[in-house]
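Working notes, beginning with the structure itself.
Counting convention: from 1, in listed order, for ligands and their atoms alike.
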Amino acid sequence: MTLGGITAGSAIGGMLLIPHAPTPASAGVAAADDGGGHTGHGQAAGGHFTVGTPFTQRMPVPRELTPRTRSGVDTFTIPIQPAQAEFVPGQPTPVRTYAGQFVGPTIRAKTGRPVRITFTNQLTGPTNVHLHGGHVPHDSDGYPMDLIAPGASRDYDYPNNQQGATLWYHDHAHGLEAENVYLGLHGFYIVEDDAERALNLPSGPYDVPIMLRDALLDENGQLVYTVHPPERTTILANGVVTPHFPVARRKYRFRFLNSATERVFRLKIGGVDMTQIASDGGLLPAPVPRSELVLGSAERADVVIDFSQVAIGTQLVLYDVSGAVLRFDVTRDADDRSRVPATLRPLPSLAAAAVDRVLSMKFDLSGPEPIGLINGQTFDPNRVDFQVKRGSTEIWELHNDDVELGIPHTFHVHLEQFRVLDRGGKPPSLDDAGRKDTVFLAPGEPVRIQVKFTDYLGKYLYHCHYLEHSVHGMMGQVEIVE
Ligand code: C2O
Ligand code: CU
Ligand code: CU
């Protein structure tokens, strides 16, 4: 998988506009940073600021919300509100949040038990909420034109008729999604099911969601949104710059999410093994040892890390190619009755596919604004790109035609998880395993996926999950019909 170090842009008003490759400035930086500094930071134009001393702050675990009522439906209220975050201690900066938290509160839902969340918009601009990876009716999907006006509120209904998985919720307001998500409108939504619970994987305080993303902080610690993603050279784990996280000598489940609007993380850790147990849509058939985990924007991977063989006092750094991300500090003993069974959850068998389609993503940079295209067309809410019969199985061949520009994309479809059949004519990579809803597309490397829409009828999106690209129209819609 190549990440394409070439950047391309078009000048608008003297400003270099997207698209850009995700980490060109840092791609050549070795992962052998000893933790002494932010290797890779300060290299991109304008990013000359090194943020504090790494590992001084502790990584928080986002607060879990308790349902307001539990009469058949778990109900929650989440204000969408401006707030202040402190990425640099003592230097508060305005952000947009769910319930005042830069990483929104976590919802833990149960398979088969509906959730209703009332979101109230206390921002000055429109917003809406999309449950990424959720099987939800069109009305609750956060369709880009279906907005919550400032001052208004809206109920979103999540039936949770799907298996356990690490999902996330984020803004999807048309044209604003990149900025809104960047400024903090993102949170975890974890679905749990009984069969998964019976496996006895690490749980409770040992089941820790970790949201990874990037940020551009100026010399005053202010979070800056520019249209030049390579400037975002600071890495946040659960909203904190390169933190440490105390762990016990036992197994943990970490649910990694790449919520950066435009970046690929390549994660490595020395001294312990990473065992992947789940991807976007839930459990893998069996645990998979991973030496490196690659997550494109919006992808998730759940891994188990066993610290039981590590001496107290040991510090283990999780690295991205751009430098250190997070340090695990082994501080204490703890009981561990959890296990990682040799088999987890078989994937459903693949039905024969009735329809083959090609979806090609590409930028048109010939005009004053970049235009994102899929099959030669930019997003138009009034156009249905194609219809799919509910219950039928299709194969989609995904192309990233930005070979000359060397721009990566990630492909995401709403409503259903899919399976990756092959990548560049070869078997899928380890990062493609399981039930996916987002895949990385390297320039010129076709990826074939098999998808079956089984739930709701209506219009659903597919798009590049580099949100600066969807903002520019790299998005289409499929209508699920009877
Ligand atoms: Cu994560 Cu259309 O979105
Ligand atoms: Cu989605
Ligand atoms: Cu893209």
Counting only protein N, O or S atoms (no waters) closer than 2.8 Å to atom 1 (Cu) of ligand 1 gives 3
Should Val224 and Glu231 count as side-chain neighbours, where that means a heavy-atom distance under 4.5 Å? no
Closest His469 atom to the Cu ion (ligand 3) [N, O or S only]: ND1
For Asn238 and Pro209, indicate whether the former's side chain and the latter's backbone hold a donor-acceptor pair under 3.5 Å. yes
Within the 4.5 Å heavy-atom criterion, are Met211 and Phe102 side-chain neighbours or not? no
To check your reading of the site, what angle at the Cu ion (ligand 2) do NE2 of His412 and NE2 of His130 form, to 10°? 170°
Strictly under 2.8 Å, is any N, O or S atom of His132 next to the Cu ion (ligand 2)? no
Have a look at Asp432 and tell me which of Lys426, Arg448, Arg423 forms a salt bridge (charged side-chain N to carboxylate O under 4.0 Å, His left out) with it. Arg423
Locate the shortest heavy-atom distance separating Pro126 from Ala173; write the atom from each residue and the value. O-CB, 4.2 Å
Pair Asp207 + Arg108, salt bridge at N-O below 4.0 Å: yes
Passing candidate, side-chain contact (heavy atoms from CB on, under 4.5 Å) with Gln417, options Gln163, Lys452, Gln162: Gln162
Exercise: do Gln477 and His414 side chains pair donor with acceptor under 3.5 Å: no
Please confirm if an N, O or S atom belonging to His172, backbone or side chain, lies less than 2.8 Å from the Cu ion (ligand 2). no
With carbon and hydrogen excluded and only N/O/S kept, which atom of His409 is nearest the Cu ion (ligand 3)? ND1
